[in-house]
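In this text, all values refer to a predicted model and were calculated from it rather than measured experimentally.
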Amino acid sequence: MSTEPLSRRAGRMPRFERRVLYGSLCVAAPAGAALLAMALWPEPTLRWLLPLAALAATALAMRWQYRRVVFPLYTLGGLLEALREGDYSLRGVQGGVLGDVVYDINALAERLQKERLEFEESAHLLGKTLAALDSAVLVFDERLRLRLVNPAGLRLLDAERHRLFGLSAAELGLAGLLEGPAAQVLAHAFPGRSGRFEVRHAALRSGGRGGQLLVINDVGRVLREEERAAWQRLLRVLGHEVNNSLAPIQSMAGTLATLAAREPLPADWREDFRGGLEVIGNRAGALARFLAGYSTLARLPPPHRAEVDVPALLGKVARLPLSAKPAPGAKGARPDRQVMLEEGEPLRILADADQLEQALINLLRNAVEAASAQVRLRWRRESGRALIEVEDDGPGPPPSDNLFVPFFTTKPGGSGIGLALARQIAEGHDGGVALTARADGEPGALACLWLPLPAADPL
């Protein structure tokens, strides 16, 4: 149903205009009646009485018409004054003499009230968002004077809000940041904090006037928090493994000390000492290998990129003897699993051949240890990347999100280094590694290593 006033939909003259027209006719009616009476009864007495009566009636009609016209306009002026003052709650009666105009004013007031509510909600949300940000946000006007700053900016400038507003960027020591590149990372000393910061600025425009937005993010603090979390994870792993090795060493050393203090020594003391020292040696060796694994991950150098023929490298890796470890409870080594190299298109990449070979050996060794019969090795190009896939027919990847976490392993006697090192090598080449179940529904796992293709590669 249309909300347009009935008079507009019907095409009739608005009520206020009809009221003015009919009222004007009423004002003119006494004079017309007097003229008609004088023309019909031309008596001398009527010549004086009729004009006076007509004048009095016209004056009363004029006053009546004045009130009918002016008072609705006063009401309309009050509504407009309320809108001008920002009070959008007042509404006029649409059925009055100015029904059409009041309808438009009511619609305008309703729209302005809705827009102001949306603006206040948006401003409240913006204020809450700015207050929750760790980044300092500052807004300057066209004269580069501060007009808006969030709590993080106050902490960075180490000042109260009322002391900062109206100060120029130069007075705040921020003019150089607004004149520099639009995005940069630099070391800077602010009144509230110093360190490395990411600085971004952009032009703003509001109310036909220009301005500048400045965002400052403390990247040094984020890096320190990440570094602290990494150290905590490292210490937890090291502490766990070192305690696992030192506890039996300490226990065995105490047992041997007690045995050595006995008088006389038991007849089999040599065998006990030999066994205890062997346990101590084995645990010390395991601890040394564990720490060497950490050193391998920590000392991985940056890749020395050169052109690598992928098919030739994979053929070399596939020919390496990768004997499977004996299964739990079995004796001796399991027979070598055959690595089948599938043919593919010629493919060259820029990579460190030695590191890439080491990563592929780790992936192939895991596949050989898991496979029951055969391991497939293939390569292809896809979406600007070189993909190398290692597929086995074993039980599939274990259900864990920690497969690439250093020293996490699900295999008895495993080091937990192979997958972590493979991923670190791939990411050093701007690539990655993934280990998933086979997509064809057959049992087994699929390890995929991808590296970017050279930009000049025509294919």
* To do: Considering non-hydrogen atoms only, spot the tightest contact between Ala159 and Leu164 and give its length.
  => CB-CD2, 3.6 Å
* Heavy-atom distance under 4.5 Å between the side chains of Leu174 and Phe140, does that happen here? -> yes
* Asked: What heavy-atom pair brings Leu156 and Phe197 nearest, and what distance separates the two atoms?
  -> CD1-CE2, 3.9 Å
* **Close side-chain approach of Leu144 to Gln212, heavy-atom, < 4.5 Å** => yes
* Asked: Tell me, do Leu356 and Ile349 make a side-chain contact under 4.5 Å, heavy atoms counted?
  -> yes
* NZ/NE/NH1/NH2 to OD/OE distance under 4.0 Å, Glu118 and Arg116 -> no
* To do: Taking the side chain as every heavy atom from C-beta outward, state whether His429 and Gln355 have any atom pair closer than 4.5 Å.
  => yes
* Student check: side-chain heavy atoms of Gln358 and Leu421 closer than 4.5 Å -> yes
* Side-chain contact test, heavy atoms from C-beta onward, threshold under 4.5 Å: evaluate it for Asp392 versus Val390 and give yes or no. => no
* **Note: Arg111-Glu115 ion pair, threshold 4.0 Å (strictly below)** => yes
* Stepwise side-chain contact (heavy atoms from CB on, under 4.5 Å) check, Leu377 with Ile388 -> CA-CA 7 Å; Leu377 180 61; Ile388 302 173; 4.1 Å; yes
* Pair Arg155 + Asp134: basic N to acidic O under 4.0 Å -> no
* Charged N to carboxylate O below 4.0 Å: is that the case for Glu389 and Arg380? -> yes
* Taking everything shown except Arg200 itself, do over 12 heavy atoms lie less than 6.0 Å from its CZ? -> no
* Asked: With a cut-off of 6.0 Å (strictly less than), are more than 12 heavy atoms of other residues, nucleotides or ligands near CD of Glu343?
  -> no
* Do Arg438 and Asp393 have side-chain heavy atoms sitting under 4.5 Å apart? -> yes
* More than 12 heavy atoms of other residues, nucleotides or ligands under 6.0 Å from CD of Glu171: is that the case? -> yes
* Asked: Do Asn217 and Val199 come within less than 4.5 Å of each other through their side chains, counting heavy atoms only?
  -> no
